[in-house]
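This report refers to the structure that appears directly beneath it.
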There are 2 protein chains.
Amino acid sequence: MQKTDLPQGTLDLLILKVVAVEPVHGYAIAQRLDQVSRGVVQVPEGSLYPALHRLENRGLLTADWKQTESGREAKFYSLTRKGRKQFEADSANWARLIQAVGLILGMADGGTR
Amino acid sequence: MQKTDLPQGTLDLLILKVVAVEPVHGYAIAQRLDQVSRGVVQVPEGSLYPALHRLENRGLLTADWKQTESGREAKFYSLTRKGRKQFEADSANWARLIQAVGLILGMADGGTR
DNA sequence: GTCAATATATAGAAGAGCGAGGTATAGGCT
DNA sequence: AGCCTATACCTCGCTCTTCTATATATTGAC
């Protein structure tokens, strides 16, 4: 069905993280996610660009057209102050949730095997 | 908004886990998730019951009406063999994904602070 | 007799993600 | 010149999950 099957809502967090490292354009974001996750996170363009527009509309990112190293025009996204705050909140929330899921998955399974 | 905002798609995994421990009815599933996660995972009924029907339709759960300890009728769900397989697959996939997200969130942030 | 907790259910809306298309440029090859 | 690949952007329409709100019925306590 899908490529990565990343839990819905997680993509925004990952995008914010990549942009937090340094301003990048959309195409490069997808490449970095792929590389750093060792091929696990592969974001199709039909998910990526709507997500970027969403984050921009929410005031978490700003975009500027600049030249890439290879001489092409591309939209470079940067984090706003609001974006950084949101990232920190989302990041903490993510940690809290996966810890909770860990608790549940770690439940004793009373003879399941 | 005190609700959980669990990443979409995760609910099925958690339900399968709770049911894997022992057959339980829907209402009890929500209570267990709440208790074991220490209040972090609070599933509203409008999410829970559709999810249960979905899992039943997919052949991962079976339901039987039985009496609870308190003497009421309730639908007790059990894992099918297919359900157990699916749980194991989903569980492994979850581990793979949070590891990938961990890699990304752990990226060097070149002077973010 | 009424209130809270238990227990199930559905309808409607919101929102995310994806597949499939489309545009355009740069560089290499033949 | 013509073609292909990689880069870089975009949007429409569909599916799926989840939430809000609402509805029903039973039990035990006050």
Side-chain angles (χ1 to χ4, degrees), chain A residues 1-16 18-19 23-35 41-58 60-61 63-77 90 94 97 101, chain B residues 1-16 18-19 23-35 41-58 60-61 63-77 90 94 97 101:
Chain A
M1 307 241 224
Q2 306 97 326
K3 265 299 176 192
T4 308
D5 207 23
L6 201 62
Q8 201 163 326
T10 311
L11 181 58
D12 289 8
L13 174 66
L14 299 185
I15 291 176
L16 291 177
V18 174
V19 175
V24 268
H25 61 272
Y27 196 83
I29 292 174
Q31 288 180 322
R32 297 240 175 125
L33 290 176
D34 186 10
Q35 286 161 12
V41 177
Q42 292 178 9
V43 184
E45 302 183 345
S47 306
L48 178 66
Y49 291 109
L52 288 171
H53 299 327
R54 211 160 53 222
L55 293 169
E56 198 180 355
N57 286 336
R58 285 172 59 196
L60 307 180
L61 298 180
D64 298 284
W65 286 97
K66 286 184 194 164
Q67 288 225 339
T68 62
E69 293 178 2
S70 52
R72 277 191 213 72
E73 288 289 306
K75 239 184 186 174
F76 281 74
Y77 289 93
D90 287 357
W94 169 260
L97 284 174
V101 172
Chain B
M1 313 210 167
Q2 79 300 343
K3 77 165 186 304
T4 307
D5 207 22
L6 201 60
Q8 205 161 330
T10 311
L11 180 58
D12 289 7
L13 174 65
L14 299 185
I15 290 176
L16 290 178
V18 173
V19 175
V24 269
H25 60 272
Y27 196 83
I29 292 174
Q31 287 180 321
R32 298 242 175 123
L33 290 176
D34 186 11
Q35 286 161 12
V41 177
Q42 291 177 11
V43 184
E45 303 179 346
S47 306
L48 178 66
Y49 291 109
L52 287 172
H53 298 327
R54 209 159 55 223
L55 293 170
E56 198 181 354
N57 287 335
R58 285 172 60 197
L60 307 181
L61 298 181
D64 298 284
W65 286 95
K66 287 185 194 164
Q67 288 224 341
T68 62
E69 293 177 4
S70 53
R72 278 190 214 73
E73 288 289 306
K75 238 184 188 173
F76 281 75
Y77 290 93
D90 287 358
W94 169 260
L97 285 173
V101 172

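A, B, ... follow the sequence lines: proteins, then strands. Residue 1 opens every chain.
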Query raised in the report: Nearest 0.5 Å, what's the NE2-CZ distance between B:His25 and B:Arg72?
Result: 9.0 Å
Would you mind reading off the distance between [X] atom [atom1] and [N] atom [atom2], rounded to a whole angstrom?
X: A:His25; N: C:dT25; atom1: NE2; atom2: C1'; result: 13 Å
X: A:Leu13; N: C:dG17; atom1: CG; atom2: C1'; result: 16 Å
X: A:Leu48; N: D:dC9; atom1: CG; atom2: P; result: 8 Å
X: A:Gln42; N: C:dG17; atom1: CD; atom2: P; result: 16 Å
X: A:Glu69; N: C:dA26; atom1: CD; atom2: C1'; result: 15 Å
X: A:Asp5; N: C:dA16; atom1: CG; atom2: C1'; result: 13 Å
X: B:Ile29; N: C:dA9; atom1: CD1; atom2: C1'; result: 15 Å
X: B:Leu6; N: C:dA16; atom1: CG; atom2: P; result: 16 Å

Report task. Begin with the C-alpha distance, continue with both residues' side-chain angles, and end with the deciding distance and a verdict on side-chain contact (heavy atoms from CB on, under 4.5 Å) for B:Leu16 and B:Leu61. Result -> CA-CA 8 Å; B:Leu16 290 178; B:Leu61 298 181; 4.0 Å; yes
Query - ring-ring contact (aromatic ring centres under 6.0 Å, His included) partners of B:Tyr49, counting only residues at least two apart - result: none
Query raised in the report: Quick one: ring-ring contact (aromatic ring centres under 6.0 Å, His included) partners of B:Tyr27, sequence neighbours excluded?
Result: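 Once residues adjacent in sequence are excluded, B:Tyr27 has no partner under the ring-ring contact (aromatic ring centres under 6.0 Å, His included) criterion.
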**Report entry** Which residue lies more 5' along DNA chain D, comparing B:Ala51 with A:Ala28 via nearest heavy atoms
**Finding:**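 Nearest-nucleotide comparison on DNA chain D picks A:Ala28.
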Report summary line: For A:Arg58, the side-chain hydrogen bond (donor to acceptor under 3.5 Å, both in side chains) test, sequence neighbours excluded, returns none
Report task. List in chain and number order the residues that pass side-chain contact (heavy atoms from CB on, under 4.5 Å) with B:Gln35, two or more places apart in sequence or in another chain; answer none if no residue qualifies. Result ->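 With sequence neighbours excluded, B:Gln35 shows a side-chain contact (heavy atoms from CB on, under 4.5 Å) to B:Gln31, given in chain and number order.
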Query - Qualifying salt bridge (charged side-chain N to carboxylate O under 4.0 Å, His left out) pairs, either residue in residues 44-54 of chain B, two or more places apart - result: B:Asp12-B:Arg54
Query raised in the report: Taking OP1 and OP2 of D:dC9, is either one under 4.0 Å from a side-chain nitrogen or oxygen of A:Tyr27?
Result: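 Negative; the distance criterion is not met.
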Report task. Determine: side-chain N/O of A:Thr68 to OP1/OP2 of D:dA8, distance under 4.0 Å, yes or no. Result ->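 Indeed, a polar side-chain atom of A:Thr68 lies that close.
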Quick one: which protein N/O atoms are closer than 3.5 Å to N/O atoms of nucleotides 24-30 of chain D? Pair and distance per line, please.
none

Query raised in the report: Minimum heavy-atom separation for A:Val18 to A:Val24, with atom names?
Result: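 For A:Val18 versus A:Val24, the nearest heavy atoms are CG1-CG2, 4.0 Å.
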Report task. Return yes if some donor-acceptor pair links the side-chain N/O of B:Asn57 with the main-chain N/O of B:His53 below 3.5 Å, else return no. Result -> yes
Query raised in the report: Which residue lies toward the 5' end of DNA chain C, B:Ala74 or A:Arg58, if each is placed at its nearest nucleotide?
Result: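 That would be B:Ala74.
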Listed pairs, N/O of protein and of nucleotides 10-16 of chain D, under 3.5 Å:
from, atom 1, to, atom 2, distance (Å)
D:dC10, OP1, A:Lys75, NZ, 2.6
D:dC10, N4, A:Glu45, OE1, 3.3

